[in-house]
Amino acid sequence: QVQLVESGGGLVQAGGSLTLSCAFSGRTFGNYGMAWFRQAPGKEREFVARIGWLGGSTDYADSVKGRFTISRDNAKNTMYLRANNLNPEDTAVYYCAATSSWTLGKSRSDYNYWGQGTQVTVSS
């Protein structure tokens, strides 16, 4: 059974940076496409970024493009999200997700496994 554990969230001032990590266990990490989603209070969970099995294919939501960078280290079974130039609108619980499907989508239903989330709060 796949298990995902996020870490690295916290409180940061506007303009600051954070790096989130997602530790993967239970199966072969390199066989799974990965993604980050986030959910702000009172809002739906939304796609943030996705990364292919070998890390060569990435995609971002327009709201984070140019500020966030998704990456993975298959030797460490870990995915990362580097978030720069954060603003209060980035405040949310950030979730990592994994899929064994060949389709690497942007919808919640495209992913089989989810972590418990890590809170990111950006103060103005």
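Just so it is clear, the structure is predicted and the values come from calculations on it, not from any experiment. Numbering starts at 1 and runs along the sequence shown.
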Could you list the donor-acceptor pairs under 3.5 angstrom formed by side chains in residues 10-34, with sequence neighbours left out?
{"unit_1": "Ser17", "atom_1": "OG", "unit_2": "Asn84", "atom_2": "OD1", "d": "2.9"}
{"unit_1": "Thr19", "atom_1": "OG1", "unit_2": "Arg82", "atom_2": "NH1", "d": "3.0"}

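Counting only heavy atoms from C-beta outward, the side chains of Glu6 and Leu4 never approach each other to under 4.5 Å. At least one side-chain heavy atom of Tyr60 sits under 4.5 Å from a side-chain heavy atom of Thr58.
In terms of the salt bridge (Lys or Arg N to Asp or Glu O under 4.0 Å) criterion, Lys76 has no residue partners (sequence neighbours excluded). Not counting sequence neighbours, Lys43 has no partner by the salt bridge (Lys or Arg N to Asp or Glu O under 4.0 Å) test. Not counting sequence neighbours, Ser71 has no partner by the side-chain hydrogen bond (donor to acceptor under 3.5 Å, both in side chains) test. When the ring pair (Phe, Tyr, Trp, His ring centres under 6.0 Å) test is applied to Tyr80, no partner is found at least two apart in sequence or on another chain. With sequence neighbours excluded, the residues forming a side-chain contact (heavy atoms from CB on, under 4.5 Å) with Thr99 are Ser101, Leu104, Tyr111, Asn112, listed by chain and number.
Sequence neighbours left out, the pairs with a member in residues 90-116 that pass salt bridge (charged side-chain N to carboxylate O under 4.0 Å, His left out) are Arg38-Asp90, Asp59-Lys106, Arg67-Asp90. Sorted pairs that involve residues 111-121 and meet salt bridge (charged side-chain N to carboxylate O under 4.0 Å, His left out), not counting sequence neighbours, are lacking altogether. Within the structure, disulfide bond (SG atoms under 2.5 Å apart) pairs that include any residue of residues 45-87 do not occur (at least two apart or interchain). Applying the disulfide bond (SG atoms under 2.5 Å apart) test to pairs two or more places apart or on separate chains, none has a residue in residues 43-72. For residues 25-91, no residue pair satisfies the disulfide bond (SG atoms under 2.5 Å apart) rule, not counting sequence neighbours. Residue pairs meeting the disulfide bond (SG atoms under 2.5 Å apart) criterion with at least one partner in residues 44-73, sequence neighbours excluded, do not occur; the list is empty.
Between the Tyr94 side chain and the Val48 main chain, no donor and acceptor come within less than 3.5 Å of each other. Looking only at distances, no side-chain donor or acceptor of Thr91 sits under 3.5 Å from a matching main-chain atom of Thr121.
Heavy-atom contacts from other residues, nucleotides or ligands closer than 6.0 Å to CD of Gln119 number more than 12.
Under a hydrophobic clustering in which Ile, Leu, Val, Met, Phe, Trp and Tyr are joined whenever their side-chain heavy atoms come within less than 4.5 Å, directly or via other members, Phe68 and Val120 fall into the same cluster.
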(request) Go through the steps to decide whether Gln116 and Val5 satisfy the test side chain to side chain contact (heavy atoms under 4.5 Å, CB included), and finish with yes or no. (result) CA-CA 7 Å; Gln116 83 289 348; Val5 179; 4.3 Å; yes
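Rounding to the nearest 0.5 Å places OH of Tyr95 at 12.0 Å from CH2 of Trp36.
Between Met79 and Cys96 the shortest heavy-atom distance is CE-CB, 3.5 Å.
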